[in-house]
Amino acid sequence: MNNYDHTKIEKKWQKEWDTKKTYATASSKKAKGKKPFYVLDMFPYPSGAGLHVGHPRGYIGSDVIARKMRMEGYNVLHPMGYDAFGLPAEQYAIQNNIHPRKAVEQNVKTFEHQLSILGLSYDWSRKINTTDPEYYKWTQWIFEKIYESWFDTEKNSARPIAELVALFEKRGNVGISACSSNTQLFSAKEWLLMSEMEKQNTLMQYRLAYEGYSEVNWCPELGTVLANDEIVDGPNGPVSERGGYPVEKKTMRQWFMRITAYADRLISGLDNLDWPSHIKEIQKNWIGKSEGAEIEFKVESVKSKVGTIKVFTTRADTLFGVTYVVLAPEHPLISNLKSQISNLTEVEQYLAEAKKKDDIIRASTDKEKSGVELKGIRAINPANGEEVPVWVADYVLPQYGTGAVMAVPAHDERDFAFAKKYNLPMKQVVKPVFIDPINPPRFGLSEVVRNTVYIFLKNKQTGLYALLRWHGTLEGITTVVMGGQEEGETREEACLKEIKEETGLVNACFVKEMPWVSDAKYCASHKNQNRLSISYAYLYEIDSLDGQILVSEEEKKLATLYWGTAEELAKKVPEHQKYLWAQLCVVSPVLNDGLLMNSGKFDGLSSEEAREKITQSVGGRIVTKFKLRDAIFARQRYWGEPIPLFTKDGIIHEVAEKKLPLELPNVKSYEPTGTGESPLAGVASWVKAGYETNTMPGWAGSSWYFLRYADPKNKKAFADKNELDYWFDKKNQGGVDVYVGGAEHSTGHLLYSRFWHQFLFDMGFVPTPEPFQMLRNQGMILASDGRKMSKRWGNVINPDDIVKTYGADTLRLYEMFIGPFDSSLPWQTDSIIGPRRFIERVWKMGARVLETKSKTTSADAERAIHFAIKKVSEDIASFGFNTAVSAMMICLNEMEKGETISIADFKKFLQLLAPFAPYVSEELWHEISNLESRNSNLQIQDTRNEIQVSSIHLSGWPMFDPAKLVSDTMTIVVSVNGKPREHLTVARTATQKDIEDMARQSEKVQTFLQGVEPKRVIYVPEKLINFVL
RNA sequence: GCCGAAGUGGCGGAAUGGUAGACGCAAUUGACUCAAAAUCAAUCGAUGGCAACAUCAUGGGAGUUCAACUCUCCCCUUCGGCACCA
């Protein structure tokens, strides 16, 4: 046999597979009962830079799965395509003055060449490209379906807009539960009286794709709108990343997708998906569900009642602690009440400043909060009728909740910081509760309430603090000076009394008091009662120990006084006192739940109970809010899907389905127009026809591409229903069986696709509620310097070079072997030689097998092969590619040691290798087939492969025989007190007693037993025996 | 700040309660060779010892267990996500 020549072998088989269409996927009709399996890669954006070695990692992993499933007899859908709309191609076109389509074509060609030499088993006949009019025809079609729908919050599902119109005709919008931005109520009569334009404007508030206005980042110098990641912070505010020109906010007409309608389902739908938990977590946080209450505050001016402020809070239990109300600068009430505000100039100045700030700066937490009081108006706390001031401050966001906040500085960090800065009052209404862990309250005992003072007493001379080490029942406990407040005594008197009694000091001075009250609960066992101390903490100082008098003998028996450092104090005192100490040092708001105080009839309730009861008592309602906002669905650019709408006589119409695709017109220039509009606004015929000049964003085409693969050439539908039913198995919640891609798409692509898919499911266009059943992320391959591979760092490794030098099989094995599939790891060209040597040894092994033509396999080697079958099968299924490769290496090591390896067993090994190294395994497979056909007596009956197929990749997946996994001996570890001391090789039939006897006889074990009879003997079958002394 | 993941030889990593370091790279020694490369064989966590062997060792500290890289608590470090979300 010749030497291993990877170039020759790989060229030969690539050609063979291409011409024979080895990896073609059968349509549902031609599947002949084969079960479907859908393995999908996130399709790439074909950039001009081409692939580096990091890109194929995911593709190789998914290819291994696809190949194994195909060998197991599944009809595997494993497609590839290109997501080619977007900014980079457009910029490339501007710079080089060529059509973006041309740039995309070039880049796709490069990508395809690079992918074609990696042995990936894609069915290239199903290739798609989002910029192909035959593809984006259906992107536009789906857009129209979304445009024609509204969301019924009661049914929790999208419905056709015609059904909404019918409802309006019957009873107006009263009592309709819809996800909408509409605030006006109207009756059926009113609806019928509306003009067509009014009707359309009203419907727009309900559509799932709707027109609205939003602020964009506008760069006047560049004459274009910039995305958030195209902006950086400059010395005087935000500037464009390119050129460093100032960026300001500009309100522009936009299209939106009402993704917020699906917020709840986007969270709950995650439950049954097999996705990495951190991706689920990221999506949940991004959607940001929180339950709270909406409460109305009446607003009064000097003269009269002038309106209401609705606030959203998750802490209705702190309503009695409200000391002011804050509005976002954008809140409509401010302009409505202009005439009532006495300091209007000041307020308007503040609003103007707030407007200048860009979102990024405004959102930074480290920035000091600022605000202005709206003088002349007051809000009325609905809980207690108290009048509180109204402020405007930009720490309140207009988009979240109601754009207004009830401020409770005692119980909220932001309100606390703001109140401190502007000297606004704080009122504590929730007490934290501390339960003594040593003497917790006992069930059934009566509870006695008393005030307790805790005195942190500092000796100014030494800087030390008075501490008491307790005796008797409290033996070993250290506390600060403390005691009860007696009747008729002020707390200050109580402090001085306790200081005198416990330390003998009479000249202590008050320094400060902790502003919050807390509860400590414990059991006073000597009095047989539970106690609730309402706790007050004080800092006192003494100048020196001068004038200290003796402490009574009684007190001495109870506790010993000593002086400790602040660190000692902070470490030694009980949890509750640690808290008091921390609050005395730096006051912070009380954020945790606790028991209500200063809250009238709600005093004593727990926060949880109070939230419900207080909300109810002030007529508030329980609501759920989300952080998620509606998605902007428009770009002011050329290179995107045209939005299939046009305006005629002021009314928006859809482009008829027959007329789709609405193709992108040719333009003279892809440069921004300078007005912020898309280059399409400069095309006279386009504008004349009334077509929408914005194009769709990058995520449009990628939100449904996985559906198109099921039936990529269909001209009548985005995919045939039968094909969708076949590939998107209703048994799963999601349709794609395995989806592999980078983790960076968690809150973009993976959320938008789920949204579209859920919509299509509602409308009956797809069979599963979710698109992707199983998701796995591949880790990045970093450069050997630990940085990302990038042209910028000059550390890019090109896969073409590696394939040339080492072969694609080696590259594939290396990328799978390098480490766990989902961790990011550095590329080490040094290490690639390992997998290469492995393949060469497989090659030699093949030569040996071909020469010896053995019909038997040595026992150890046979066991190794069966073990490898088990391990590789399991590991591929669980994405443990690195250990699968390792298992094959171990297997080869054993086969090399073995005296004889049968042709049949070696073929099983090749089948295991085939998903990882498809070329070399195919070559050896054929060498063996040729030999077998020359020597018919060598043909060994293989029950699994009755039909001899030409390619190893369609040959079947080997099975292991459990009986062949075990040897007749086993190694038992003997340990003494858990430390391994001796290994015993025993017959598999040995009983526990046999093993124990053998172990006791071992000299080594005896030295450790030292003649002592073990207290316990623990036997783990087939593994270990442990003697416990 | 909040949420999440991770920390094991010179390096990538393996082991999810039962022999820590599988497998691979690098390194060292030997064989082959005029020589080198390749290949093959052997060694390869640290400390002590001629050795048998012993002790220590999975970021640090405590705990649970006959037994802990693995489980629990606290702390440190690194990476990822969110960041005034009321």
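Within every chain, numbering begins at 1; the chains are lettered A, B, ... in the order of the sequence lines, protein sequences first and strands thereafter. Being a predicted model, the structure only gives us computed values, none of them experimental.
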Could you give the distance separating [M] and [N] at their [atom1] atoms, to the nearest angstrom?
| N | M | atom1 | value |
| --- | --- | --- | --- |
| B/U28 | B/A20 | C1' | 24 Å |
| B/G24 | B/A14 | P | 15 Å |
| B/G61 | B/G7 | C1' | 16 Å |
| B/G17 | B/A86 | P | 38 Å |
| B/A51 | B/G45 | P | 15 Å |
| B/U8 | B/C71 | P | 16 Å |
| B/G81 | B/C69 | P | 33 Å |
| B/U77 | B/A15 | C1' | 24 Å |

Given atom [atom1] of [X] and atom [atom2] of [N], what is their separation to the nearest angstrom?
| X | N | atom1 | atom2 | value |
| --- | --- | --- | --- | --- |
| A/E982 | B/A67 | CD | P | 21 Å |
| A/K1015 | B/A67 | NZ | P | 10 Å |
| A/N777 | B/G81 | CG | P | 12 Å |
| A/L782 | B/C11 | CG | C1' | 15 Å |
| A/E896 | B/A41 | CD | P | 7 Å |
| A/K284 | B/A83 | NZ | C1' | 20 Å |
| A/F626 | B/C82 | CZ | C1' | 17 Å |
| A/E575 | B/C74 | CD | P | 11 Å |

For [N], what is the paired nucleotide under Watson-Crick or G-U wobble rules, both distances under 3.5 Å?
| N | value |
| --- | --- |
| B/U28 | B/A42 |
| B/G1 | B/C82 |
| B/C73 | B/G61 |
| B/C23 | B/G12 |
| B/C50 | none |

Test: [X] and [Y] ion pair at under 4.0 Å:
| X | Y | result |
| --- | --- | --- |
| A/K625 | A/E294 | yes |
| A/D394 | A/K369 | no |
| A/K578 | A/E575 | yes |

Could you tell me whether the phosphate oxygens of [N], OP1 or OP2, come under 4.0 Å of any side-chain nitrogen or oxygen in [X]?
| X | N | result |
| --- | --- | --- |
| A/K1004 | B/C53 | yes |
| A/R315 | B/A86 | no |
| A/K979 | B/C56 | yes |
| A/R981 | B/U55 | yes |

Donor-acceptor pair, side chain of [X] and main chain of [Y], under 3.5 angstrom:
| X | Y | value |
| --- | --- | --- |
| A/Q1006 | A/R1000 | yes |
| A/R988 | A/S967 | yes |
| A/R812 | A/A917 | no |

Query raised in the report: So do A/I781 and A/L825 actually touch side chain to side chain, heavy atoms under 4.5 Å?
Result: no

Report task. Pick base, sugar-phosphate or nothing for A/P820, based on heavy-atom distances below 4.0 Å to the nucleic acid. Result -> sugar-phosphate

Report task. Quick one: label A/F418 by what it contacts on the DNA or RNA (base, sugar-phosphate, nothing), any heavy atom closer than 4.0 Å. Result -> nothing

Query raised in the report: Since syn is defined as within 90° of 0, does B/G9 count as syn or as anti?
Result: syn

Query - Separation between CG of A/N3 and CD of A/E840, rounded to the nearest 0.5 Å - result: 8.5 Å

Report summary line: Contacts of A/A404 and A/N977 projected onto RNA chain B by closest heavy atom; the upstream (5') one is A/N977

Report summary line: By nearest-heavy-atom nucleotide on RNA chain B, the more 5' of A/I818 and A/V405 is A/I818

Report summary line: Going 5' to 3' through nucleotides 16-31 of chain B and flagging B where a protein heavy-atom sits under 4.0 Å of the base, S where only the sugar-phosphate is that close, and - otherwise, we get --BBS-BBSSS-----

Query raised in the report: Honestly, is A/R981 close enough over A/F1008, meaning NZ or CZ under 6.0 Å from the six-membered ring centre and within 45° of the axis?
Result: yes

Query - Side chain of A/E281 (C-beta onward), nearest among B/C56, B/A54, B/G4 - result: B/G4

Report summary line: From the candidates B/G13, B/A54, B/A86, the one with an atom nearest any side-chain atom of A/L825 is B/G13

Query - Stepwise side-chain hydrogen bond (donor to acceptor under 3.5 Å, both in side chains) test for A/W827 and A/T829 - result: CA-CA 6 Å; A/W827 175 270; A/T829 300; 2.7 Å; yes

